[in-house]
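Beneath this line is the structure, given in structure tokens, with notes to follow.
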Amino acid sequence: MKDFCLEELEAFLQGMGKEKYRAKQIFKWLYQKGAVSFQEMTNLSKEFRAELEGRARISSLEAAHTEVSSDGTRKYLFILEDGLSVESVLIPDDDRATLCVSTQVGCAMGCRFCLTGEFRLQRNLRCAEIVNQVCAVLKTERITNIVFMGMGEPLANFDNVVRAVKIMVSPDGFQISNRRVTVSTSGLVPEIGMLGKAVNVNLAVSLNATTDEQRDILMPINRKYPIARLIEAMKNFPLPSRRMITVEYVLIRGVNDTLEDAKRLVKLLRGIPSKINLIPFNEYEGAAFKAPRQESLDAFHRYLLDRNLTVITRASRGGDISAACGQLRARLEKENGAERGHNG
Ligand code: SAH
Ligand code: SF4
């Protein structure tokens with residue numbers, strides 16, 4: 001059931017000879033009331049419910065493990081039906097609570113600084129597996145914003161991500177404003193264009209470098225879609241009104257953290273309504289890079305501010321539970337799928 005967006009559910013029900021409006025009723029049960037069985041759907045007749053039971057099922061995810069950081073960040077580990085697992089992170093912040101969702105187990109993009117990338121791609125998540133991360137967290141927490149910045153490259157799992165986004169922003173689904181949903185990408189240029197046509201949400205781009213030489217090394221996807229093409233795709237992206245593209249820039253010591261880099265960044269982003277998210281590289285065991293020195297981080301930040309750019313340095317939230325958004329790494333071993341414990 002949760003693999004359908006509203007239009008697809010309508011078509012499915014019409015194929016059963018049912019009225020179209022039933023889809024909205026079912027959506028409300030699934031995403032607003034957290035129903036886990038058709039029996040709960042009391043505004044559907046008993047016969048209809050039985051029929052649905054025969055033809056479909058309602059999946060759900062339950063956190064096998066939750067870690068709460070001293071700053072309130074919560075990391076959830078979900079074991080999937082095939083034993084693989086993914087993580088989600090909830091980051092509370094004043095009046096906001098942002099859920100960071102995963103879209104793939106592992107990632108095929110192979111960025112040199114990313115722990116998820118080291119695992120290669122195991123598989124795409126189904127739409128149901130993406131929205132079930134939201135359902136599971138909603139059982140006990142409030143969610144105001146959603147970012148697709150967990151494990152995986154969202155635009156490499158395009159159809160399921162678009163379905164999940166539609167369910168999130170639907171008035172009959174999770175009812176989250178499209179202005180509060182952000183899809184992050186390493187720069188799949190054709191899919192950025194397709195995303196803009198399919199849904200109206202915010203875009204975040206992991207730029208991380210300002211020359212093709214640098215970016216080719218850090219993010220191999222750049223060899224296919226170099227910076228100029230990525231910038232062009234960003235310029236053409238139809239944002240929700242008065243919104244800006246988030247430009248993520250992971251600062252790595254001695255690699256991309258000089259004022260020369262900052263200067264090139266300013267030049268690249270000219271004409272793009274953007275806000276820059278500076279992320280100090282998060283060191284992990286076996287990583288080939290180091291976090292930037294505080295001085296370079298401050299200087300980089302100040303350089304951008306002085307040129308009237310919107311810039312924030314993302315504090316590494318949930319550091320004590322290795323939950324920083326975008327550095328998730330769930331256990332992938334099938335045999336040990338149910339094993340609990342720290343995985344940082
Ligand atoms: N695949 C998508 C979304 C998930 S990664 C993308 O790349 O945009 C989310 C963010 O985490 C990206 O901006 C990425 O650059 C960043 N990231 C990955 N590894 C990191 C690390 N070790 N330290 C800091 N940020 C990292
Ligand atoms: Fe994949 Fe994003 Fe990590 Fe690159 S940064 S390997 S695209 S998850």
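Since this is a predicted model, take the numbers as computed values, not measurements. Only this structure's heavy atoms are used, side chains among them; waters, hydrogens and symmetry mates stay out. For this chain, numbers begin at 1 and follow the sequence in order.
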Practice item. Supply the atom-to-atom distance Ile252 CD1 to Phe289 CZ, rounded to the nearest 0.5 angstrom. Key: 5.0 Å
Review point. Think Lys290 forms a cation-pi with Phe281, using NZ or CZ under 6.0 Å from the six-ring centre and within 45 degrees of its axis?
Key: no
Check your understanding: Distance-only, no hydrogens or angles: does the Asp172 side chain make a donor-acceptor pair with backbone N or O of Phe27 under 3.5 Å?
Key -> no
Check your understanding: Could you walk me through whether Ser59 and Asn132 pass the side chain to side chain contact (heavy atoms under 4.5 Å, CB included) check?
Key -> CA-CA 8 Å; Ser59 64; Asn132 272 334; 3.0 Å; yes
Review point. Distance-only, no hydrogens or angles: does the Glu118 side chain make a donor-acceptor pair with backbone N or O of Leu115 under 3.5 Å?
Key: no
Check your understanding: Crowded around Arg123 CZ? As in, over 12 foreign heavy atoms under 6.0 Å?
Key -> yes
**Study point:** Cluster overlap Leu121 with Leu84, hydrophobic side-chain contacts below 4.5 Å
**Key:** no
Review point. Does the Gln32 side chain pair with the main chain of Trp29, one donor and one acceptor, at a distance under 3.5 Å?
Key: no
Practice item. Quick one: list whatever passes side chain to side chain contact (heavy atoms under 4.5 Å, CB included) with Thr313, sequence neighbours left out. Key: Leu278, Pro280, Leu297, His301
**Study point:** Ile26 side chain near Leu52 side chain, heavy-atom distance below 4.5 Å
**Key:** yes
Check your understanding: Hey, is the main chain of Val181 close enough, under 3.5 Å, to the side chain of Asn202 for a donor-acceptor pair?
Key -> yes
Review point. Of all heavy-atom pairs between Arg163 and Asp3, which one has the smallest distance, and what is that distance?
Key: CD-O, 3.1 Å
Check your understanding: Shared ILVMFWY cluster between Leu309 and Val250, side chains joined below 4.5 angstrom?
Key -> yes
Review point. Is there a side-chain contact between Ile192 and Thr185 (heavy atoms, below 4.5 Å)?
Key: yes
Check your understanding: What is the distance from atom CD1 of Ile143 to atom CG of Asn145, rounded to the nearest 0.5 Å?
Key -> 10.0 Å
Practice item. For atom NZ of Lys28, decide whether the heavy atoms of other residues, nucleotides or ligands shown that lie under 6.0 angstrom number more than 12. Key: yes
Review point. Stepwise, does the side chain to side chain contact (heavy atoms under 4.5 Å, CB included) test hold for Ile227 with Asn222?
Key: CA-CA 7 Å; Ile227 293 178; Asn222 195 68; 3.6 Å; yes
Check your understanding: Can Asn208 and Asn256 be counted as having a side-chain donor-acceptor contact under 3.5 angstrom?
Key -> no
For residues 262-272, dump all side-chain donor-acceptor pairs below 3.5 Å to protein atoms at least two apart in sequence or in another chain.
from	atom 1	to	atom 2	distance (Å)
Arg264	NE	Thr210	OG1	2.9
Arg264	NH2	Asp261	OD1	3.0

Check your understanding: Between Leu99 and Ser88, what is the shortest heavy-atom contact and its length?
Key -> CD1-CB, 4.2 Å
Check your understanding: In Å, rounded to the nearest 0.5 Å, how long is the span from NZ of Lys18 to CG of Leu9?
Key -> 13.0 Å
Exercise for review: Identify the two heavy atoms, one from Phe148 and one from Met168, that lie closest to each other, and give their separation to 0.1 Å.
Suggested key: CZ-CE, 3.5 Å
Review point. Is it true that a side-chain atom of Arg126 and a backbone atom of Asn160 form a donor plus acceptor pair closer than 3.5 Å?
Key: no
Check your understanding: Stepwise, does the side chain to side chain contact (heavy atoms under 4.5 Å, CB included) test hold for Asn236 with Glu232?
Key -> CA-CA 6 Å; Asn236 293 331; Glu232 195 56 32; 3.9 Å; yes
Practice item. Rounded to the nearest 0.5 Å, what's the gap from OG on Ser274 to CD1 on Ile245? Could you check? Key: 7.5 Å
Review point. Can Arg302 be said to sit on top of Phe300's aromatic six-ring, NZ or CZ under 6.0 Å from centre and within 45° of the ring axis?
Key: no
Review point. Using 4.0 Å as the upper bound for N to carboxylate O, is an ion pair formed by Lys166 and Glu7?
Key: yes
**Study point:** Inter-residue atom distance Ser296.OG - Leu251.CG, 0.5 Å rounding
**Key:** 8.0 Å
Practice item. For the residue pair Arg49 and Glu40, establish whether any side-chain heavy-atom pair is separated by less than 4.5 Å. Key: no
Review point. Is the cationic atom of Arg57 (NZ for Lys, CZ for Arg) positioned less than 6.0 Å from the six-membered ring centroid of Phe38 and within 45 degrees of its normal?
Key: no
Review point. Could you state the interatomic distance from OG1 (Thr246) to CE (Met234), rounded to the nearest 0.5 Å?
Key: 9.5 Å
Check your understanding: For residues Gln39 and Glu53, is any side-chain donor paired with an opposing acceptor at under 3.5 Å?
Key -> yes
Review point. In the single-linkage hydrophobic clustering (I, L, V, M, F, W, Y; side-chain heavy atoms under 4.5 Å), do Ile312 and Leu305 co-cluster?
Key: no
Study note, to complete from the structure: For Arg112 and Pro220 the tightest heavy-atom approach is NH1-CG, 3.9 Å
Study note, to complete from the structure: Closest non-hydrogen atoms of Ala209 and Leu218, given as atom of the first, atom of the second and distance, are CB-CD1, 4.2 Å
Check your understanding: Quick one: does Asn200's side chain have a donor or acceptor within less than 3.5 Å of a partner on Pro238's backbone?
Key -> yes
**Study point:** Greater than 12 external heavy atoms within 6.0 Å of Arg142's CZ
**Key:** yes
Exercise for review: Test Val183 against Leu195 for side chain to side chain contact (heavy atoms under 4.5 Å, CB included), laying out the working first.
Suggested key: CA-CA 9 Å; Val183 175; Leu195 182 74; 4.0 Å; yes
Check your understanding: Is Val137 reachable from Val36 through a run of hydrophobic residues whose side-chain heavy atoms are each under 4.5 Å from the next?
Key -> no
Review point. Checking Gln133 side chain against Ser102 main chain: does a donor-acceptor pair fall under 3.5 Å?
Key: yes
Review point. Can you tell me if Asp95 and Thr144 form a side-chain donor-acceptor pair at under 3.5 Å?
Key: no
Review point. Is the count of non-hydrogen atoms from other residues, nucleotides or ligands lying under 6.0 Å from Lys197 atom NZ greater than 12?
Key: no
Check your understanding: Are Met244 and Ile231 co-members of a hydrophobic cluster defined by side-chain heavy atoms under 4.5 Å apart?
Key -> no
**Study point:** Minimum heavy-atom distance between Leu188 and Ala156, given as atom pair plus value
**Key:** CD2-N, 3.9 Å
Exercise for review: Could you tell me whether the side chain of Glu153 and the main chain of Leu155 form a donor-acceptor pair under 3.5 Å?
Suggested key: yes
Exercise for review: Using the side chain to side chain donor-acceptor pair (under 3.5 Å) rule, take Glu248 and Asn277 through it: C-alpha gap first, then chi angles, then the decisive distance, then the call.
Suggested key: CA-CA 5 Å; Glu248 290 158 288; Asn277 212 337; 5.4 Å; no
Point to revise | Val199 vs Val169 side-chain heavy atoms within contact, under 4.5 Å | key: no
Review point. Do the side chain of Arg307 and the main chain of Tyr303 share a donor and acceptor less than 3.5 angstrom apart?
Key: yes
Check your understanding: So do the side chains of Met219 and Met109 get within less than 4.5 Å of each other, counting heavy atoms only?
Key -> no
**Study point:** Ring center gap for Phe12 and Phe4 short of 6.0 angstrom
**Key:** yes
Review point. Are the ring centres of Tyr31 and Phe174 closer than 6.0 Å?
Key: yes
Check your understanding: With a 4.5 Å heavy-atom cut-off, do Thr73 and Val89 have their side chains touching?
Key -> yes
Point to revise | Audit row: Arg22, Glu19, salt bridge (Lys or Arg N to Asp or Glu O under 4.0 Å) steps and yes/no | key: CA-CA 6 Å; Arg22 296 289 182 194; Glu19 306 93 330; 3.3 Å; yes
Review point. Just wondering, do Glu67 and Arg74 contact through their side chains at under 4.5 Å, heavy atoms?
Key: no
Exercise for review: State, yes or no, whether a side-chain contact exists between Lys275 and Val311 at a heavy-atom distance under 4.5 Å.
Suggested key: no
Practice item. Determine yes or no for a side-chain-to-main-chain donor-acceptor pair under 3.5 angstrom, with Arg215 supplying the side chain and Leu207 the backbone. Key: yes
